[in-house]
Each structure stands twice: as C-alpha cells, then as structure tokens.
Amino acid sequence: MDLMEKNLELLEVQKLEGHNDRVWNVAWNPVSSSPSPILASCSGDNTVRIWEQSSLSRSWTCKTVLEETHTRTVRSCSWSPSGKLLASASFDGTTGIWEDLGDEFECISTLEGHENEVKSVSWNASGSYLATCSRDKSVWIWEVLGGNEYDCASVLNGHTQDVKMVQWHPTMDVLFSCSYDNTIKVWWSEDDDGDYQCVQTLDESSNGHSSTVWAISFNATGDKMVTCSDDLTLKIWMADISMMHSGEGYAPWTHLCTLSGYHDRTIFSTHWSSDDIIASGAGDDAIRLFVDSKHDSVNGPSYNLLLKKEKAHEMDINSVQWSPSKENRLLASASDDGMVKIWQLETKS
Amino acid sequence: MVSGLINENPIVYERKERVRDVRTDSSNTNELSVDAIDQLEVFDILIAHHIRDIKDPEHPYSLEQLKVLTEDSVEVDDTKSHVRVTFTPTVEHCSMATIIGLCVRVKLMRSLPPRYKIDIRVAPGTHATEAAVNKQLNDKERVAAALENPNLVEMVDECLSPSFE
C-alpha cells in the first residue's frame, strides 16, 4: 500500500482541555485500545491527566488527575508494558510511579536521586527496568523489584550536558539517550549482568546532529530509529540487530538519511508508527508526517513528506504519539497552548 | 577596593525621550481585528516602561541607558509572529548575560500575544561564550525550569519592576 498515492488528511477528532499550563508529553496506554483507549498527558501545572474514550459516546473525557505529588512541572510520562503502571518524570527531581487501581491511581513509589530536573522516563520491553535522565547530565537505570520496590541499578555518566530523553530499544535491553550536548548515546550491558556502558556515541562525526537532540523513536522491528533536533532536521539511523540477537556482539548504528529543509523551528518530538509513518511536532505549531519513498537509489532510502498540518495547535507542539491501536491511525499531540489533541489520519472523502 | 561587580564602570547613556507615533489606520474600523505589531511597538514593550526600563542586575540603570538594548535590537515580523531581540552586554565576559536575556524573554512573553515566537541572542562578537549563551537562552525547557526557581524569578521580577523616579 503506497501511502503517497492516497489522498490523506489529518482530521481533528477532539481537543482535550483541562490542564492549566503547557502540556509537555502524551503517552498512550499500550494495552488499552478499542473500545476504550487511554491516554496520559503531563503538564507545567504539576499534574498528570488520564483521558479515556467512552465506548458509548465516542468522546474523550478526563478520567483522573494525578496531583498533589509533584511539586513542579511534570515533563514526561510513560506506561509500563503491562499498562498497569505509569511513571512520571518531574522538574522536582523525582520520578513518580503510579498504579491504576481502577477508580483512581495511587502513587506507590517515588524515585529520588537525580540532582535536578528529571526530563524523561522509559520502561524496557519486559518492564523489568526503568531509565530516567536529567539536567544533571546522568542517566539512571532502576531495577523493578517486587512489592513496589525500585532499586537504582546504575548511574551512567558520559553526556556532557542536560539529557533530554531516554528510550529503551523495543526488543532488546539496549538504552538510548539524547542530549543538549548534541549527541545520542547507546548504553548496553554486554554480559547482561546489569553493568551498562556507553557502547556508542552518535555525534557530528557520525553524521549526527549539530544542536540539541530532543527525541528518539524506533520503528516496530527496532532496526531503525528517527531522532529530531534543534538543528531543524530529522535523522534516520539503522543497525543490523539480527547480529545482536544472535549474540555476535554489539551492532553499531549508522546514519541512513537526514530530512532537512522541512522545518524552520526546533523539532521537539518525533514518533514512528507501527505502519511506518514518522510524525514530527515542532515549534512552528505544525505536525508533519513522513514516509519511506521506497525508491532505492545509490544514496539509500529517502523519505517524503506525506502531509503537513499547519496550525495544528496555537503554540509549539511538544509531543506527538501514534496510538498503538491497529484499527485506526490515531495520533495524539500536546502543546504549549495547554491542549491535547486527538487526530485521525484518513483518506479524504 | 574590590566591589566584585562584573562591570564596575558602565558607560551610561542619556535616556532618550521618545514620542510615540500614534498610528491611525483609517481603513481599519473593525473592532475585532488584531492590530499588527511592528518593530516600534515591540521596542516600546521592551523599552518604554517595559524592557526599556529593565534594570541592569548590577547597577541602578536601565538596559537602554547602558545601550544593552536599542531600537535596532529588535526585529519583528508580525505576519510570521516572530520577534528577535539582539542585546549587547557591556562587557565580553558578562556572566549576567543569561539573566539579562531571561529578563528580556520574560518581558516579551508577558506582553506579546501567545502566538509569538521569541528568539533572544547576544550581538555577534560581543560575548566570549556567545554560542553557549544563545543556546541556553533559546532552550525552552531550560527557560521553563529556570522560571520555576523562586530565586531567579525574584531577580527577574526585580529587574522588570517599574522604578518610580
């Protein structure tokens, strides 16, 4: 199916109002889907909001507000793979772990240790590890023990500046981080003994970014990733992960392609959908979608702009995330304007 | 005697008396239309009892008096909702540059419509760590975190507070 052939548009399904300050991040619950998908959003108002779509009315409402825990901005949130826990990373230096008890959420643990603002939190594929990162330049790995216990397993130093995001690989226990120091670092424990080291740094000499890298996202199979930056580009990277799966050691990531000339303000977020559409959210209030052009050339694959949704929000877009649902192509976005929006990618009628 | 100030002897310029041009657009009688914002207006926001009177963090003079900000500091494109302010620290190693830049940004954020994109930078060639200062001043997340720091906010509010002469 060639998406470029279809006449597609991004339709606004609903605008979710409620936060009292800019919304920094949105996260879809990985297990809920139709008929009741669940979305979490977090904000400069120090809260996390859980939104649910009613199976009857099809409209979205705020089910709960997770408040009175963080004392400063909640910068990002992430669901555990089981969908039962939600982690919240805050400028107050802590990471909250919340359990969904049905009617409400309870904060079952607070992870402390970072010296200042926590920027991002990510669960590994099996839910046995959490990673966090901070302006203190470090990346922490936490082990999930039983009984609501979390233990700091590793403190990873290497970045020379503020670390903006951490993201575990979708299938392997390899951790990725991106930073204000313009690099992406890859962390791996070769002996699988919990001793993580930086095994690769993607910097300008590896065809990397020339300014702050804000986000990382992997394709479904985990052999490609996209990164976005203040340098106004998206970069696609690839690795021979079959090599890693067969135990032949670390397979390095290499630059595949750079998408430049499409953005004129910082790109804050990017997300790779399960059916290979890359979304970007930027400081010009627009959402852009890219797809592989499938025209192999001497220079390798290239990506085309599928569509640009101008003025998707009234202010900067901080986060874009595709829903895990296989049924429809839903995209959630969060903005400085305090709104969360749900979009549907559809063929024009 | 060591006073510890970054710039002990700033050059102080005369504060310009500005007569604001009253712009009348007779063709525009729609009350609901949004007034276009131009360079003069942003400069006014910055300068006339706005940034004009932003006090230098170290001295009892305004940024205009120290020629840190002038009319030429401001570039506005209202159709693109974009403003860029270029300021000149008085000394090359000014560690107050980030505070000054933050004050300018806060003043603009509080005065301009939310649709505006604001870029702040030091005048090229006027600061020893120009690129580093500019990067920090324009990292939205860093600015947001800084503005949650009560000590910094107090300093910014102090610089932005009107001085009653």
Side-chain angles (χ1 to χ4, degrees), chain A residues 21-22 24-25 43-46 70-76 89-93 116-120 134-136 160-165 179-182 210-215 229-231 264-269 282-285 311 313-319 335-339, chain B residues 32-37 75-85 95 97-99 101-102 105-122 124 129-156:
Chain A
D21 203 306
R22 70 191 347 148
W24 279 110
N25 194 221
S43 164
D45 66 11
N46 308 355
H70 287 302
T71 54
R72 286 183 59 181
T73 286
V74 186
R75 177 62 181 86
S76 82
S90 170
F91 283 0
D92 66 13
N116 46 50
E117 301 93 54
V118 189
K119 304 287 175 99
S120 172
S134 161
R135 179 168 62 86
D136 69 10
T160 56
Q161 294 275 0
D162 178 13
V163 189
K164 298 298 195 186
M165 186 184 190
S179 165
Y180 184 102
D181 68 11
N182 308 348
S210 54
S211 190
T212 300
V213 188
W214 282 97
S229 167
D230 178 62
D231 70 6
D264 55 7
R265 301 289 298 178
T266 303
I267 310 164
F268 291 109
S269 175
D284 65 352
D285 318 343
K311 276 291 163 228
H313 281 272
E314 309 205 345
M315 294 173 74
D316 290 7
I317 296 174
N318 298 318
S319 177
S335 165
D336 278 355
D337 64 13
M339 302 290 152
Chain B
L32 299 174
S33 74
V34 176
D35 287 329
I37 291 173
E75 296 161 82
V76 187
D77 185 336
D78 192 57
T79 52
K80 289 191 182 150
S81 303
H82 181 237
V83 63
R84 182 166 76 170
V85 177
S95 64
T98 45
I99 305 279
L102 190 60
R105 180 177 289 281
V106 171
K107 191 68 225 179
L108 287 175
M109 273 162 48
R110 290 177 183 169
S111 316
L112 291 172
R115 63 184 164 94
Y116 258 84
K117 306 298 178 188
I118 301 165
D119 290 327
I120 316 278
R121 61 172 190 163
V122 291
T129 61
E130 181 180 318
V133 171
N134 288 341
K135 193 172 184 182
Q136 221 181 329
L137 288 176
N138 294 293
D139 181 315
K140 179 173 81 172
E141 189 187 70
R142 293 289 280 266
V143 170
L147 294 177
E148 286 186 350
N149 177 333
N151 296 327
L152 251 177
V153 173
E154 200 184 309
M155 207 190 294
V156 168

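Computed over heavy atoms, backbone and side chain alike; hydrogens, waters and symmetry mates excluded. Residue numbers start from 1 in every chain, and the chains themselves are labelled A, B, ... in the order their sequence lines are given, proteins ahead of strands. Note that this is a predicted model, so its numbers are computed, not measured.
Shown here for B/D119 and A/R265, the closest heavy-atom pair between the two residues is OD2-NH1, 2.9 Å.
For A/E314, the part lying under 4.5 angstrom from a heavy atom of chain B is the backbone only. Looking at A/Y180, the atoms closer than 4.5 Å to chain B (heavy atoms on both sides) sit in the backbone and in the side chain alike. In this structure, chain A has a heavy atom under 4.5 Å from the backbone of B/A132, while its side chain stays farther away.
Between A/D285 and B/K117 there is a salt bridge, with a side-chain nitrogen of the basic residue lying less than 4.0 Å from a carboxylate oxygen of the acidic one. For the pair A/K164 and B/D139, the salt-bridge criterion is met [side-chain N within less than 4.0 Å of a carboxylate O]. With respect to B/K140 and A/D336, a salt bridge is recorded, a charged nitrogen being found less than 4.0 Å from a carboxylate O.
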Worked verdict on B/E141 versus A/R75 for side-chain contact (heavy atoms from CB on, under 4.5 Å): CA-CA 9 Å; B/E141 189 187 70; A/R75 177 62 181 86; 2.5 Å; yes

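Between the side chain of A/R72 and the backbone N or O of B/A145 there is at least one donor-acceptor pair closer than 3.5 Å. For B/K135 (side chain) and A/S211 (main-chain N/O), no donor-acceptor pair under 3.5 Å exists by modelled atom type.
When each of A/N318, A/D337, A/D316, A/N116 is scored by its heavy-atom pairs under 4.5 Å with chain B, the top score falls to A/D316. The candidate from A/R135, A/K119, A/R22 with the greatest count of non-hydrogen atom pairs under 4.5 Å with chain B is A/K119.
For the atom pair A/T71 OG1 and B/E148 CD, the distance stands at 8.5 Å (nearest 0.5 Å).
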